[in-house]
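First the structure, in the form of structure tokens, and then the observations on it.
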There are 2 protein chains.
Amino acid sequence: MRVVTGHLSHTLRADAQDNRERILDAARALFAAEGLRVPMREVARRAGVGPATLYRRFPTKQELVTEAFRDQLRACRTIVDEGLAHPDPWAGFCLVVEKTCELHARHLGFTEAFMAAYPDAMDFAAARAYSLKAVGELARRAKGADGLRPDFVLDDLILMIMANRGIHALSTAARVAASRRFAALVIQAFRASPEHAPLPPVPRLASL
Amino acid sequence: MRVVTGHLSHTLRADAQDNRERILDAARALFAAEGLRVPMREVARRAGVGPATLYRRFPTKQELVTEAFRDQLRACRTIVDEGLAHPDPWAGFCLVVEKTCELHARHLGFTEAFMAAYPDAMDFAAARAYSLKAVGELARRAKGADGLRPDFVLDDLILMIMANRGIHALSTAARVAASRRFAALVIQAFRASPEHAPLPPVPRLASL
DNA sequence: ACGCTAACGGACGCCCCCGTCCGCTTCGCC
DNA sequence: GGCGAAGCGGACGGGGGCGTCCGTTAGCGT
């Protein structure tokens with residue numbers, strides 16, 4: 001009887017460990033290219049293992065997703081940290097917008113996981129809260145002439161990520177390119193300008 | 001009096017005609033709120049008819065969708081016509097952006113049908129081509145100082161519609177509100193400005 | 001009022017995905 | 001090299017959507 005220690009740090013047999021890696025590689029590739037709705041069996045097929053093996057390592061899809069996108073979750077924090085560290089807050093803000101759009105464009109499934117797909121995935125919720133808090137601080141600093149428009153609110157960033165998700169191009173390359181242009185347009189929209197009309201109110205999108 | 005809608009050659013019996021209407025009502029409501037992936041049976045259930053009746057009237061989902069969104073398809077043309085008719089081309093362009101965003105936000109499934117869901121739905125393809133052509137003309141006129149930025153291309157509009165689709169709020173009301181703010185931001189992004197950096201190239205999105 | 005037939009919907013078979021069980025294989029420790 | 005257990009995957013039952021068939025109902029014309 002093996003006691004699972006919460007973080008399942010017990011050593012796997014060599015072949016099992018190898019299969020685990022290949023499952024994760026397959027999941028990363030498929031989730032990135034086609035989103036989260038790929039069947040579990042297709043992940044297994046691509047990894048060259050049976051369905052049972054997949055379910056043994058990752059009993060629920062949420063666990064597989066969480067593990068597959070661990071790097072992206074870390075990247076998410078890194079992006080906002082770099083934005084905050086930038087000497088020019090507005091430039092830092094722009095960087096956050098660009099990098100975030102690219103990250104989400106490259107990994108289609110990550111957006112779904114990050115936003116709302118698994119409400120009780122604490123890893124994602126925590127990263128989201130951290131990022132939002134950091135961007136909130138960055139936005140506070142970036143507001144002003146030649147910077148972020150004063151009526152920007154955090155929900156606008158949520159809005160942008162949701163909108164960016166809508167870009168379902170056929171290939172990943174096209175999606176990333178489109179997303180890059182989208183980010184540039186978004187930055188233009190967020191830039192303070194003397195001539196902008198008051199924005200319509202935004203509904204509550206994120207509970208934070 | 002029994003009026004046969006459109007080009008259906010044979011007159012339907014009164015109860016059949018009634019069922020047809022209720023099927024379309026159900027389809028409109030469900031497609032608008034939840035998109036096109038609602039099962040055919042759920043449409044039938046909501047309409048209070050059996051599956052067979054639904055399939056008898058609309059043998060394929062595409063036919064049901066096309067008929068359900070006939071009004072929106074017409075609205076699509078109306079919107080660009082009104083935009084073209086506006087004395088100020090830039091104001092007309094802004095109107096097109098706002099109205100289009102709202103239309104797509106109100107009818108979630110319409111976007112899918114309009115964009116790419118049914119490649120061989122000639123009605124949608126024709127409306128899309130017409131709209132794009134008209135907007136192209138409108139954009140040509142709207143470019144210039146205090147108007148549309150010169151590096152705007154038609155694919156940017158496609159990009160906007162795709163992005164707008166990404167806004168999946170819980171309720172239709174919230175979605176429409178969010179979409180309204182989104183449209184305002186988009187207009188800001190499209191407005192000519194002395195300080196905008198060159199945009200990254202956009203990949204081919206629409207074959208037109 | 002009556003009968004013809006359009007119209008209805010329950011039920012069927014098909015396929016795909018899900019999550020699990022179990023008999024066989026193979027790792028790895030002694 | 002041998003043995004125990006970790007690990008494997010094929011196979012199974014369940015559920016749901018799909019499109020169709022057919023026995024029954026009820027509109028409507030006479």
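Just so it is clear: chains get the letters A, B, ... in the order the sequence lines come, proteins before strands, and each one is counted from 1.
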Worksheet entry | Closest-nucleotide ordering on DNA chain D, the 5'-leading residue of A/V49 and B/D15 | A/V49
Worksheet item: So what does A/A14 hit on the nucleic acid, given a heavy-atom distance under 4.0 Å: a base, only sugar-phosphate, or nothing?
Response: sugar-phosphate
Worksheet item: Got a salt bridge between B/E82 and B/K99, using NZ or NE/NH1/NH2 to carboxylate O under 4.0 Å?
Response: yes
Worksheet item: Residues in side-chain contact (heavy atoms from CB on, under 4.5 Å) with A/R140, at least two apart?
Response: A/E137
Discussion item. According to salt bridge (Lys or Arg N to Asp or Glu O under 4.0 Å), who are the partners of A/D81, at least two apart in sequence or on a separate chain?
Written reply: none
Fill in: Whichever of A/E42 and A/P51 has its nearest DNA chain C nucleotide further upstream toward 5'
A/E42
Response to the item:
Those residues at least two apart in sequence (or on a different chain) that pass salt bridge (Lys or Arg N to Asp or Glu O under 4.0 Å) with A/R22 are A/D18
Worksheet entry | Side-chain donor or acceptor of A/T172 paired with backbone N/O of A/A33 under 3.5 Å | no
Worksheet item: Looking at residues at least two apart in the chain, or sitting in another chain, which of them share a side-chain contact (heavy atoms from CB on, under 4.5 Å) with A/A52?
Response: A/R56
Worksheet item: Any side-chain N or O of B/N19 under 4.0 Å from OP1/OP2 of C/dC8?
Response: yes
Practice prompt. Measure the distance from CG on A/L12 to P on C/dG28 and round it to the nearest whole Å.
Written response: 11 Å
Worksheet entry | Whole-Å gap separating C1' (D/dG19) and CE (B/M40) | 9 Å
Discussion item. In whole Å, I'd like the distance from the CG atom of A/L30 to the C1' atom of C/dC17.
Written reply: 16 Å
Between the protein and nucleotides 1-3 of chain C, which nitrogen or oxygen pairs are less than 3.5 angstrom apart?
none

Practice prompt. Report the nucleotide, chosen from D/dT20, C/dC8, D/dG27, that has the shortest atom-to-atom distance to any side-chain atom of B/A16.
Written response: C/dC8
Discussion item. With a 4.0 Å limit, can you tell me whether A/T53 has a side-chain N or O closer than that to the phosphate oxygens OP1/OP2 of D/dG9?
Written reply: yes
Item to complete: Please say which of B/F110, B/F69, B/F182 ends up in a ring-ring contact (aromatic ring centres under 6.0 Å, His included) with B/H104.
Response: B/F110
Worksheet item: For the pair made of CG in B/D18 and P in D/dC28, what is the distance, rounded to whole Å?
Response: 11 Å
Worksheet entry | Under 3.5 Å side-chain donor-acceptor pair for A/Q17 and A/R20 | no
Fill in: Residues within residues 54-64 of chain B bordering DNA chain C, heavy-atom distance below 4.0 Å
B/R56, B/R57
Fill in: N/O donor-acceptor pair, side chain A/R13 with base D/dA6, under 3.5 angstrom
yes
Worksheet item: Between the side-chain atoms of A/R41 and the base atoms of C/dG19, is any donor-acceptor pair under 3.5 Å?
Response: yes
Worksheet item: Do the charged groups of A/R180 and A/E102 touch, with an N to O distance under 4.0 Å?
Response: yes
Practice prompt. Measure across B/R149 and A/L185 and return the closest heavy-atom pair with its distance rounded to 0.1 Å.
Written response: NH1-CD2, 3.9 Å
Worksheet item: If you pin A/V38 and B/G48 to their nearest nucleotides in DNA chain C, which one's is more 5'?
Response: B/G48
Item to complete: Could you check how far CD of B/Q17 sits from C1' of D/dC28, rounded to whole Å?
Response: 16 Å
Worksheet entry | Atom-pair distance (CZ on A/R37; C1' on C/dC18), nearest Å | 18 Å
